[in-house]
Amino acid sequence: TYYDRNERARLQMLAMRRAKLEIEDAAIFGVFSQTINGTSTRLTSMGVRSVVSPYVTDMGTTATYQSFLTANEFTFRYGSPQKLLVASPVVKTSLDYWAANKQLVKPDIDLFGVSLKKFITSNGTFLLANNFNMGDFGVVTNYAGEALAIDLPSVEFCPLSDNGISCDTQLKTNYDTTNPKLIKDLVYTQAGWRIRHPARHARFTNWTQYS
């Protein structure tokens, strides 16, 4: 044994991590759609990026601290004075560069089980969250140099219901017994995201360098 749990438990843990990432990607990159086929309907969930499309700031390739502060005059105009900043790696690096020798960053805080760092401006406070799916390290490269300022009170996770039974995330063990030679477990979620008040969120684009 070269691991801290057996193989089935390891695969269950891996599947739950993948499911968590898929739920997160739907919240960020999802686009609402509805397809009707006979008596059945297929829906896809909206995501913050598609909802806030009218409230976008082009950072002009090279972002400066001044241009970032100017953009924040609109970012915090509506909603909470504290927003989650889901950012690509270059955006986080920019904030670290600007924060050097300045009292702009506070130590990590724990929110929803996630450790987040605060970046403070006069107009509002950002909770920084790195997202490598917005970088250029993998297959997805369309979102490199982007950041989303999300007003958390205006976002809701909405699990569906099947005749009163919640379809929120669950692990179903031995869900397919048709083949006695195989053990099949399933990580299962049927849910969508509700993004309210587009003006409370913001998006930064074309942020590939900093000075």
Side-chain angles (χ1 to χ4, degrees), residues 20-31 45-100 102-109 111-112 114-157 193 195-211:
K20 180 181 178 181
L21 288 174
E22 289 178 0
I23 294 171
E24 176 187 299
D25 284 349
I28 297 173
F29 307 117
V31 178
S45 177
M46 67 173 66
V48 175
R49 189 177 184 275
S50 64
V51 172
V52 302
S53 56
Y55 304 92
V56 179
T57 300
D58 189 325
M59 300 301 287
T61 304
T62 302
T64 66
Y65 186 46
Q66 180 61 47
S67 64
F68 179 62
L69 292 180
T70 301
N72 289 340
E73 295 176 6
F74 301 95
T75 301
F76 290 98
R77 184 173 182 179
Y78 304 106
S80 172
Q82 183 170 269
K83 299 187 188 295
L84 178 69
L85 188 70
V86 180
S88 63
V90 68
V91 175
K92 292 274 303 263
T93 302
S94 304
L95 299 181
D96 286 339
Y97 175 76
W98 293 332
K102 302 182 180 69
Q103 295 298 317
L104 301 176
V105 177
K106 283 192 174 182
D108 293 358
I109 64 169
L111 181 66
F112 305 123
V114 179
S115 181
L116 300 171
K117 183 185 293 184
K118 286 185 176 182
F119 189 93
I120 301 170
T121 73
S122 296
N123 287 301
T125 300
F126 287 111
L127 302 175
L128 307 183
N130 208 349
N131 189 301
F132 286 100
N133 286 339
M134 299 177 74
D136 56 358
F137 299 100
V139 177
V140 178
T141 60
N142 296 334
Y143 311 117
E146 286 202 9
L148 288 168
I150 302 173
D151 186 70
L152 291 178
S154 303
V155 176
E156 183 179 0
F157 181 65
W193 290 93
I195 317 298
R196 298 186 298 271
H197 311 298
R200 295 183 180 181
H201 314 277
R203 180 158 66 99
F204 302 92
T205 64
N206 197 19
W207 187 333
T208 58
Q209 301 178 66
Y210 54 90
S211 66

At their closest point, which heavy atom of [X] faces which heavy atom of [Y], and how far apart are they?
X: Ala149; Y: Thr75; result: CB-CG2, 3.7 Å
X: Gly30; Y: Ser50; result: O-OG, 3.0 Å
X: Ser88; Y: Ala144; result: OG-C, 4.5 Å
X: Ala129; Y: Leu84; result: CB-CD1, 3.9 Å

Can a donor-acceptor pair be found, under 3.5 Å and without considering hydrogens, that links the side chain of Thr93 to the backbone of Pro89?
yes

[atom1]/[X] to [atom2]/[Y] distance, rounded to the nearest 0.5 angstrom?
X: Ile150; Y: Phe126; atom1: CD1; atom2: CZ; result: 11.0 Å
X: Asn72; Y: Thr121; atom1: CG; atom2: OG1; result: 5.0 Å
X: Trp98; Y: Tyr65; atom1: CH2; atom2: OH; result: 9.0 Å

With sequence neighbours excluded, residues passing ring-ring contact (aromatic ring centres under 6.0 Å, His included) with Tyr55:
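Checked Tyr55 against ring-ring contact (aromatic ring centres under 6.0 Å, His included); zero matches.
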
With sequence neighbours excluded, residues passing ring-ring contact (aromatic ring centres under 6.0 Å, His included) with Tyr78:
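Scan of Tyr78 (ring-ring contact (aromatic ring centres under 6.0 Å, His included), adjacent residues dropped) gives none.
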
Hits for side-chain hydrogen bond (donor to acceptor under 3.5 Å, both in side chains) against Ser80, two or more places apart or cross-chain, chain-then-number order -> none

Set of side-chain hydrogen bond (donor to acceptor under 3.5 Å, both in side chains) partners for Thr61, sequence neighbours left out
Asn206

Residues Leu128, Lys118; criterion side-chain contact (heavy atoms from CB on, under 4.5 Å); working and verdict:
CA-CA 6 Å; Leu128 307 183; Lys118 286 185 176 182; over 6 Å; no

What residues, two or more places apart in sequence or in another chain, satisfy side chain to side chain contact (heavy atoms under 4.5 Å, CB included) together with [X]?
X: Ile23; value: Phe157, Thr169, Thr189, Trp193
X: Val56; value: Arg203, Thr205
X: Met59; value: Thr57, Ala63, Ser67, Phe68, Phe204, Trp207
X: Ser211; value: Thr62, Thr64

Pairs where residues 77-96 contributes a residue and the test salt bridge (charged side-chain N to carboxylate O under 4.0 Å, His left out) is met, not counting sequence neighbours:
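As it turns out, the salt bridge (charged side-chain N to carboxylate O under 4.0 Å, His left out) pairs with a partner in residues 77-96, which skip direct neighbours, are Lys83-Asp151.
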
Mind jotting down which residue pairs meet the salt bridge (charged side-chain N to carboxylate O under 4.0 Å, His left out) criterion with at least one end in residues 49-70? Sequence neighbours excluded, please.
Arg49-Glu146

Once salt bridge (charged side-chain N to carboxylate O under 4.0 Å, His left out) is applied, do any residues pair with Glu156, and if so which ones, sequence neighbours excluded?
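With neighbours one apart ignored, the set is Arg194, Arg196.
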
Show your working on side-chain contact (heavy atoms from CB on, under 4.5 Å) between His201 and Val155 and close with a plain yes or no.
CA-CA 10 Å; His201 314 277; Val155 176; 3.9 Å; yes

For a 4.5 angstrom cut-off between non-hydrogen side-chain atoms, does Val52 reach Leu148?
yes

Step through it carefully: locate the ring centre of Phe29, locate the ring centre of Tyr143, and say whether they are under 6.0 Å apart.
yes

